[in-house]
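What you are looking at is a predicted structure, and each value in this text was computed from that prediction instead of being measured. Note that these values count all heavy atoms, side chains included, but never hydrogens, waters or copies made by symmetry. Numbering of residues begins at 1 and proceeds along the displayed sequence.
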Amino acid sequence: MTLDLMATLHVVDDDVAAIVDAYMADPLSGPIHFGEGFRIDPAAAVAGHPFARTLMGQPWASNDLRRAAVRAAILLAQPERC
């Protein structure tokens with residue numbers, strides 16, 4: 001999980017924030033390189049996280065709530081080494 005990489009400092013909070021920013025700007029942007037040699041597809045992370053996937057389709061959800069859901073999905077996703 002991305003969260004595990006944060007514990008080892010291979011990934012820092014700014015990396016995760018940049019991924020969230022990229023996804024929010026363009027949900028179809030594709031895989032993103034981050035940290036010390038990792039890659040993640042934020043769209044796949046959101047699609048694989050039931051709460052985030054459901055929330056993103058809700059018109060009542062605020063931008064802050066959407067960002068928090070995307071962040072949770074990214075933290076729980078398994079990034080690839082590249």
Side-chain angles (χ1 to χ4, degrees):
M1 286 189 288
T2 305
L3 188 58
D4 295 333
L5 296 174
M6 289 182 76
T8 63
L9 299 179
H10 285 103
V11 172
V12 295
D13 194 54
D14 287 346
D15 294 323
V16 176
I19 297 167
V20 173
D21 290 344
Y23 177 83
M24 296 300 289
D26 181 7
L28 303 176
S29 63
I32 298 170
H33 294 270
F34 70 104
E36 295 180 13
F38 294 94
R39 175 178 58 212
I40 194 165
D41 183 345
V46 169
H49 189 276
F51 178 72
R53 182 180 62 240
T54 300
L55 184 73
M56 295 309 284
Q58 300 302 317
W60 51 263
S62 69
N63 191 51
D64 288 343
L65 185 56
R66 290 172 194 259
R67 291 182 66 80
V70 170
R71 179 179 169 79
I74 290 166
L75 288 173
L76 295 174
Q78 184 64 48
E80 301 173 350
R81 268 233 182 252
C82 56

What orientation do His49 and Phe51 show, parallel under 30°, tilted 30 to 60°, or perpendicular over 60°?
perpendicular

Can a donor-acceptor pair be found, under 3.5 Å and without considering hydrogens, that links the side chain of Arg66 to the backbone of Ala61?
yes

Minimum heavy-atom separation for Ala73 to Ala45, with atom names?
CB-O, 3.6 Å

Identify the two heavy atoms, one from Leu75 and one from Met1, that lie closest to each other, and give their separation to 0.1 Å.
O-CB, 3.6 Å

Value rounded to 0.5 Å, distance of CZ in Arg67 from OH in Tyr23:
12.0 Å

Do Met24 and Asn63 make a side-chain contact, defined as non-hydrogen atoms from C-beta onward lying under 4.5 Å apart?
yes

If you measure from CG on Asp15 to CD1 on Ile32, what distance do you get to the nearest 0.5 Å?
11.0 Å

Measure the spacing between CZ of Phe34 and CZ of Arg39 and express it to the nearest 0.5 Å.
10.5 Å

Do the non-hydrogen side-chain atoms of Trp60 and Leu55 ever get within less than 4.5 Å of each other?
yes

Where do Arg81 and Phe38 land on the side chain to side chain contact (heavy atoms under 4.5 Å, CB included) test, with the steps shown first?
CA-CA 5 Å; Arg81 268 233 182 252; Phe38 294 94; 3.6 Å; yes

Any side-chain heavy atom of Val70 sitting closer than 4.5 Å to one from Ile74?
yes

Could you tell me which non-hydrogen atom of Thr8 sits nearest to which non-hydrogen atom of Leu5, and how far apart they are?
OG1-O, 3.0 Å

Taking every heavy atom of Ala77 against every heavy atom of Pro79, the minimum-distance pair comes out as O-CD, 3.2 Å

With rounding to the nearest 0.5 Å, note down the distance linking CG in Leu9 to CD in Glu36.
8.5 Å

Taking the side chain as every heavy atom from C-beta outward, state whether Arg71 and Ile19 have any pair of such atoms under 4.5 Å apart.
no

Would you give the length of the straight line joining atom OG1 of Thr2 to atom CD of Gln78, rounded to the nearest 0.5 angstrom?
7.0 Å

Report the distance from atom CG of Asp21 to atom CG of Asp26, rounding to the nearest 0.5 Å.
13.0 Å

When you group the ILVMFWY residues by side-chain heavy-atom contacts below 4.5 Å and let the links chain together, are Leu3 and Val16 in the same group?
yes

